[in-house]
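Reading through the structure tokens given below for one structure.
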Amino acid sequence: RRVLFRSELPFASRNAVELLVTQPGTSTPTNPRSSTINGLPKGAINITIDGMNTQDNMLKSSDGFFSYIMPSVDSLEEVTLTTSAGGVDSTAQGAAQIKFVTRSGSNQFHGGGFYQARNTFFDSNYFFNNQNGLPRDIIHLRQYGGHIGGPVIKDKLFFFGNYESYRYPGTSTYSRTVPLLATTQGLYTYQDSTGAMHTVNLLAIAAAANPSLPSTTRQYPTTVDPIIAQTYSQILQLTNGGNLKSNAGSNDYNTMNYSYQPTGMDARDFWTARFDYNLSQKHHISFTYDYDKYASIPDFLNNIVPVYTGTGSVLGSNVATGQRSNRFVGTLSLRSAISSRLTNELRGGLNGGTVLFFDAINDGLFAQWKGFSPGINYATITTTRNPQRRNGPYQEVADTVSWVKGSHQISAGATWSKVNVYQKYVSTESIPTIAFGTATGDPLITGTSAPFVQGSTFPGAPSSQVTSMASAYANLVGR
């Protein structure tokens, strides 16, 4: 058993769970949230605050090294990591037990405050930002808060409170592949096997093949679909004058790489309160409550950002969306000294709170595509079409009794716990998808008279280029 006490050292997240990555047996492949303990599955980790589980129990098996309620270092009195011989109060919910205890008030008033800041001024630029001619990503992280504890009624009633604010306005770099103006008009450029450059008109090639079609076969379209033309027009307007670089170095002469840096705000607030009341010399009641509020718009963590500069999370809209949540945990406990040798603790509590992911997304934002979310070459329509919400409330009642005899202690207990999961996930039943392209047996690419097969129409073009041309044509006309 290893016990860590409240840290006075500043660190970036102020999340006490992340302090445990330094402990022997803890392996951290990437970020702290990816950690495991003693090589055990993440589902074998149990995290509690004042005896109440605070994990996201819907995702515990894949995200176990994470507390749904953030245990702020200034709100804690004690942190214990147990990896073997856990006590009765460990509730048999994990081989690795991480237990946090909230600070309590006393007969004296004590308090404190802090302010931490990170600023772009002290940062160098990323290699890839320099390569793409982009400025440094903005970082103006501000963390501040305070705590206070003391008596309400001396020797009888005590309180402790902690508040912490996290404000992170920043930017992140993203890139999109966008078409050239000529590409949106049906002109396709390629390099043949000798290095010579060729430009062909895909619409004209389709038109030339129409006379050979049977009268019962619908002719190939010879103009760009108006909805797709409008989509490309919006993209070209939004990216015009932006950070554009040619993709010719990768043998692509029809698109550009567009880089941009959307801005956003990650705002978080954390409240902790604890009250302790001495009913008598033998009976003590404690109540603790934690409330966390999150709002991250756009959501850089899940890459739900504006699709281009000047628009929202869906092309053509001004709607920016992200992740929002209100989370809580409350615990009420009664500790009793029944005799000099016999003690009992009765505890009950609940955690929960709804997490909203991208809730501003709805089918109305896709009206210009008739309610569909289309897959169009070189066009990013949206960064998500799957708004969702979930809540996994956890309830627990537990009782532990301990009896001391000489140098020995015997403990026994019982726990009742209940996990519910409520989830809503919007998918293609509300926002259907549509894709364009060619299919097996498609007359566009099948047979010697098909317009998009290797031959004199595409001098020196390899089959992969001809396939790309057929796909580009199908996207242009919405086929």
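These numbers were taken from a predicted model, which means no experiment stands behind them.
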(message) For Asp269 and Arg167: C-alpha separation, side-chain torsions, deciding distance, then whether salt bridge (charged side-chain N to carboxylate O under 4.0 Å, His left out) applies.
(response) CA-CA 9 Å; Asp269 295 280; Arg167 295 294 183 270; 3.2 Å; yes
(message) If the condition is side-chain contact (heavy atoms from CB on, under 4.5 Å), which residues does Pro71 pass it with, not counting sequence neighbours?
(response) Asn15, Ala16, Val17, Ile49, Ser67, Leu76, Phe100
(request) Measure from the side-chain N and O atoms of Asp442 to the backbone N and O of Leu444, and report whether any donor-acceptor pair falls under 3.5 Å. (result) yes
(message) For a quick test of reading the model, state the closest non-hydrogen atom pair linking Thr183 to Asn254 and the distance between them.
(response) OG1-O, 2.7 Å
(message) Strictly below 4.0 Å, N to O, side chains only: are Asp292 and Arg268 in salt-bridge contact?
(response) no
Can you give each donor-acceptor pair under 3.5 Å made by side-chain atoms of residues 366-376, sequence neighbours left out, with the distance rounded to 0.1 Å?
unit_1: Gln368; atom_1: OE1; unit_2: Gln234; atom_2: NE2; d: 3.1
unit_1: Gln368; atom_1: NE2; unit_2: Leu315; atom_2: O; d: 3.3
unit_1: Trp369; atom_1: NE1; unit_2: Thr231; atom_2: OG1; d: 2.9

(message) Give me the atom names and distance for the closest heavy-atom approach of Phe358 to Thr384.
(response) CD1-OG1, 3.7 Å
(message) Here's one to test your reading of the geometry: is the NZ or CZ of Arg327 within 45 degrees of the ring axis of Tyr68 and under 6.0 Å from its centre?
(response) yes
(message) Side chains of Asp192 and Thr194 only: does a donor on one sit below 3.5 Å from an acceptor on the other?
(response) yes
(request) Check Met256 against Asn247 and note the closest heavy-atom contact, atom names and distance. (result) C-ND2, 3.3 Å
(message) Can a donor-acceptor pair be found, under 3.5 Å and without considering hydrogens, that links the side chain of Ser430 to the backbone of Ser427?
(response) no
(message) Donor-acceptor pair, distance only, cut-off 3.5 Å: does the side chain of Asn362 make one with the backbone of Ala360?
(response) yes
(message) Can you give me the closest heavy-atom contact between Tyr190 and Pro459, atom names plus distance?
(response) OH-O, 2.9 Å
(request) Check the angle between the aromatic planes of Tyr144 and Tyr115 and answer parallel, tilted or perpendicular using the 30° and 60° thresholds. (result) parallel
(message) Could you walk me through whether Gln323 and Ser325 satisfy the side-chain hydrogen bond (donor to acceptor under 3.5 Å, both in side chains) test, starting with their C-alpha distance in whole Å, then the side-chain angles of each, then the deciding distance to 0.1 Å, before giving a yes or no?
(response) CA-CA 7 Å; Gln323 180 181 160; Ser325 65; 5.3 Å; no
(request) Step by step, work out the side-chain hydrogen bond (donor to acceptor under 3.5 Å, both in side chains) result for Asn326 and Tyr291. (result) CA-CA 7 Å; Asn326 297 292; Tyr291 178 80; 2.8 Å; yes
(message) Using the rule side-chain contact (heavy atoms from CB on, under 4.5 Å), only one of Asn129, Val305, Thr309 pairs with Gln261; which is it?
(response) Asn129
(message) Quick check: do Gln230 and Tyr232 have side-chain heavy atoms less than 4.5 Å from each other?
(response) no
(request) Would you check if Arg479 and Tyr220 make a side-chain contact, meaning some heavy-atom pair closer than 4.5 Å? (result) yes
